[in-house]
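Below is one structure, written out as structure tokens; the observations come after it.
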Amino acid sequence: MAGLSISKAIAQALAAEMERDSNVVVLGEEVAAFGGTYGATSGLLDRFGGERVRDTPISEGVIVGAAVGAAMNGLRPVAEIMGINFAFLAMDMIVNHAAKVHSMFGGQFRCPLVVRTTSGGGRQLAATHSQTVEHLFAHFPGLKVVAPATAADAKGLLKSAIRTDDPVMFVEQATMYSQRGEVPDDPDFLIPLGKSDVKRRGRHVTVVAYSKMVDISLKAAGELAKDGIECEVVDLRSLRPLDLDPVFESFKQTNRCVVVEESWRTYGVGSEVAARIYEECFDYVDAPVKRVAQKEVPLPYAGNLERAALPQVEDVVAAVKSVL
Amino acid sequence: MLPTSTLSSSAAPGSNSKPPHSHLELLELYRQMVLIRLFEEKCEELYQKGKIGGFMHLYIGQEAVGVGAVAARQPQDSVITGYRDHGIALAAGMTARVAMAEMLGRVTGCSKGKGGSMHLADINLKFWGGHAIVGAQIALAAGLAWADKFQRRDAATLCFFGDGATNISYFHEALNLAAVWQLPVVFICENNKYGMWTPIEKVSAVTEIRRKASAYAIPSDVADGMDLLDVRAKTAAALEHCRAGHGPYFLEVITYRFRGHSMGDQRAYRTPDEIRKWQAEDPIGKFEKVLLDAGVAPADIDKVDDDVKAVMADAVAFAEASPFPDDSEIWTNIYIEP
Ligand SMILES: Cc1ncc(C[n+]2csc(CCOP(=O)(O)OP(=O)(O)O)c2C)c(N)n1
Ligand SMILES: [Mg+2]
């Protein structure tokens with residue numbers, strides 16, 4: 001075990017999988033010579049060479065397009081899109097092609113592709129550079145969508161994402177790259193896709209979150225514990241396939257739930273989780289499922305405005321108290 | 001002289017010896033064009049009877065492009081196109097049976113009835129589809145070629161698209177990437193002068209499409225899409241360029257579709273005169289003359305016509321006798337791993 005930043009954990013996962021399978025290739029803007037905008041591909045060019053680690057033009061459509069074509073024809077590309085806001089320029093390739101070439105052609109083609117990208121606000125980058133929109137991709141059958149909250153999860157999930165024969169959107173949170181955590185060294189350390197994880201045990205309220213909101217939720221749980229309120233924090237880790245079993249199990253004990261998401265509330269992850277709780281656990285409901293989310297505005301630049309718009313620890317604390 | 005068994009199987013790709021062509025070779029190319037023509041006419045009929053659904057785009061008039069270009073490939077070379085894909089699929093070696101079954105949404109279709117007219121494909125023929133988002137195949141082709149180059153497979157990719165597709169971002173991004181990465185792709189623009197009902201002059205700043213390739217330092221040529229041997233020779237040269245490791249090549253093929261953009265297109269955007277003028281250039285009629293001039297016996301040509309008719313009758317019977325996919329098939333092929 002070693003205390004590792006998330007960006008190092010990702011670099012380790014990439015290196016381990018490239019070592020293991022010579023068909024794994026990395027492409028994207030600034031991924032080779034400069035090791036990635038967030039350092040997550042650092043060292044790969046020196047170790048694996050320019051044929052396997054490739055800088056691309058600023059052409060999101062063909063970055064993912066070439067990656068899909070190459071995946072169909074035998075490679076296992078990991079394409080980095082610098083930010084999920086730019087993935088809109090590759091949206092067609094991701095949702096109309098990566099997600100569909102397997103099914104639409106009757107199973108003939110495979111698309112073992114990972115699109116790695118960065119999501120989230122909190123860096124004063126204003127409205128076009130701060131969005132949290134991985135749930136949009138999770139809407140599409142055929143895609144898998146993963147968003148880790150810890151360094152160990154980032155490593156284990158990315159390795160699984162590279163190994164699966166299905167296309168995966170792997171979404172990292174932009175402010176979390178330097179966050180450190182214990183990460184197993186074992187090159188075969190894997191975390192399965194589509195498995196939620198209980199990050200804290202508690203019996204009063206179920207708090208459901210993923211990515212950075214796990215951190216916020218754990219901090220809120222720490223605060224609440226001082227008042228004797230014990231939260232069970234469930235980290236979804238994958239948005240598709242979505243594993244809600246641990247949520248239902250927890251809810252049947254707590255009868256109360258708060259869902260925390262960095263994106264907007266409307267049509268969001270919280271809506272989905274709440275609906276599923278009502279469908280599956282109706283007889284256990286003691287309070288309406290509460291959603292903590294970003295205010296429904298394009299995220300502003302000024303630090304105070306950005307902070308006011310994004311979910312904060314105190315919002316989670318208040319939401320938990322409101323369902324008790 | 002052409003046994004029925006060869007009629008439904010693929011032409012040996014890569015038989016691109018220089019002229020004079022053998023009679024057998026000429027008859028085979030002729031057969032493929034006639035097969036496409038009759039296949040399309042049958043599709044038209046079945047569509048009008050309501051047996052084929054969705055959007056359907058016929059290849060009638062453009063047969064010499066697909067047949068000529070694909071005849072120049074080696075078996076390891078890939079082929080990919082847009083939604084106007086029936087002709088390319090058949091030229092790539094898909095049987096009329098399997099293609100027709102897909103048209104009718106049957107489980108025996110190439111895509112098990114999940115793709116339909118616009119999504120024919122056969123991985124075993126290295127025919128990668130059939131893609132209905134305009135221009136997407138151009139980006140996918142860059143990836144197919146990248147994988148081939150990475151694996152040192154000595155293979156190239158023939159990528160077909162329309163004139164309208166040269167205005168979409170995929171076209172520009174993919175040409176640029178293919179040039180920067182020196183990818184073995186032959187970009188083949190089937191310039192039939194219209195994107196749906198809009199003439200190219202109204203929507204493209206440059207109407208001599210090949211000039212767009214020069215922006216990406218990709219060498220180019222133009223071929224007469226009504227002349228099968230011209231298309232084949234120029235595609236063969238383009239493939240040689242790719243195989244020699246010189247990167248992508250661009251071929252603009254001037255052609256014309258004799259039918260509407262898709263089924264049910266009754267709009268008046270072309271004059272009857274223009275259509276008549278092009279129909280006088282019918283690529284099959286012209287090629288028949290090439291055969292006769294080369295001394296092929298008229299009876300041998302008639303025999304091919306008859307054989308293809310039999311193949312089509314068999315294909316329709318096969319497709320109509322095939323079952324629809326079971327309803328449970330909606331749940332298959334979504335993910336490879338749960
Ligand atoms: C991205 C996208 N926009 C619009 C359409 C609708 N559409 C289908 S075919 C077509 C015209 C394409 O013309 P061209 O590229 O010249 O090919 P042709 O049909 O002439 O073979 C359009 C606009 C589409 N399928 N995809
Ligand atoms: Mg056109």
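Naming: A, B, ... by sequence-line order, numbering from 1 per chain.
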Problem - Most chain B-contacting option - heavy-atom pairs closer than 4.5 Å, from A:Asp92, A:Val64, A:Asn96 - result: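 Heavy-atom pairs under 4.5 Å are most numerous for A:Asp92.
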Side-chain ([X]) to main-chain ([Y]) donor-acceptor, under 3.5 angstrom:
X: B:Glu337; Y: A:Asp166; answer: no
X: A:Asn73; Y: B:Leu144; answer: yes
X: A:Gln108; Y: B:Asn124; answer: no
X: B:Tyr335; Y: A:Pro167; answer: no

Side-chain heavy-atom pair [X], [Y] within 4.5 angstrom cut-off:
X: B:Leu177; Y: A:Ser59; result: no
X: B:Phe150; Y: A:Glu51; result: yes
X: A:Met104; Y: B:His119; result: yes
X: B:Ile123; Y: A:Met72; result: no

Handout entry: Contact summary for A:Val101 and B:His131, nearest pair of heavy atoms
Key =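 That closest heavy-atom pairing would be CG1-CE1, 4.4 Å.
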Handout entry: Neighbour count >12 (heavy atoms, 6.0 Å) for atom NE2, A:His129
Key =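 Atom NE2 in A:His129 is not crowded, with 12 or fewer foreign heavy atoms closer than 6.0 Å.
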Problem - Other residues, nucleotides, ligands: >12 heavy atoms within 6.0 Å of B:Arg243 CZ - result: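 More than 12 within 6.0 Å, yes.
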Practice task
Heavy-atom distances under 4.5 Å only: say whether A:Leu27 touches chain B with side chain, backbone, both or neither.
Solution key: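 The answer is the side chain of A:Leu27.
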Practice task
Identify which part of A:Lys100 has an atom lying under 4.5 Å from any heavy atom of chain B, answering side chain, backbone, both or neither.
Solution key: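 When you check distances to chain B, no heavy atom of A:Lys100 falls under 4.5 Å.
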Practice task
Against chain A, label B:Leu120 side chain, backbone, both or neither, depending on which of its atoms sit under 4.5 Å from a heavy atom there.
Solution key: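 The backbone, not the side chain.
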Handout entry: Portion of B:His172 that has a non-hydrogen atom of chain A nearer than 4.5 angstrom
Key =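 Looking at B:His172, nothing touches chain A.
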Practice task
Go through the structure and list residues passing salt bridge (charged side-chain N to carboxylate O under 4.0 Å, His left out) with B:Arg106, not counting sequence neighbours.
Solution key: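 Partners of B:Arg106 by the salt bridge (charged side-chain N to carboxylate O under 4.0 Å, His left out) criterion come out as none, since no residue qualifies.
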Problem - salt bridge (charged side-chain N to carboxylate O under 4.0 Å, His left out) involving A:Asp188 - partner list, sequence neighbours excluded - result: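 For A:Asp188 the salt bridge (charged side-chain N to carboxylate O under 4.0 Å, His left out) partners, ignoring immediate neighbours, are A:Arg163.
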Exercise for the section: Using the six-membered ring wherever Trp is involved, compare the ring planes of A:His97 and B:Tyr170 and label them parallel, tilted or perpendicular (cut-offs 30° and 60°). Expected result: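 It falls in the perpendicular class, over 60°.
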Practice task
Considering only heavy atoms and a distance below 4.5 Å, find which of B:Pro338, B:Gly130, B:Gly113, B:Ala121 pairs most often with chain A.
Solution key: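 Heavy-atom pairs under 4.5 Å are most numerous for B:Ala121.
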Handout entry: For chain A, the option from B:Ser111, B:Cys110, B:Ala142, B:Ser78 that forms the most heavy-atom pairs under 4.5 Å
Key =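 Between B:Ser111, B:Cys110, B:Ala142, B:Ser78, the count favours B:Ser111.
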Exercise for the section: Test side-chain contact (heavy atoms from CB on, under 4.5 Å) on B:Ile334 and A:His102 and set out the steps. Expected result: CA-CA 7 Å; B:Ile334 315 300; A:His102 181 63; over 6 Å; no
Handout entry: Per-residue contacts, residues 318-332 of chain B versus chain A, heavy atoms under 4.5 Å
Key =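 Answer by number: none.
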Practice task
Taking heavy atoms only and a threshold strictly under 4.5 Å, list by residue number the residues of residues 151-168 of chain B that touch chain A; give 'none' if the list is empty.
Solution key: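 Hits under 4.5 Å: B:Gln151, B:Arg152, B:Arg153.
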Exercise for the section: Start with the C-alpha distance between A:Ile63 and B:Glu173, add both sets of side-chain angles, then the distance that settles side-chain contact (heavy atoms from CB on, under 4.5 Å), and finish with yes or no. Expected result: CA-CA 9 Å; A:Ile63 290 172; B:Glu173 293 189 7; over 6 Å; no
Exercise for the section: For side-chain contact (heavy atoms from CB on, under 4.5 Å), just list the numbers for B:Trp181 and A:Thr56, CA-CA rounded to whole Å, side-chain angles, deciding distance to a tenth of an Å, and then say yes or no. Expected result: CA-CA 9 Å; B:Trp181 286 10; A:Thr56 65; 3.8 Å; yes
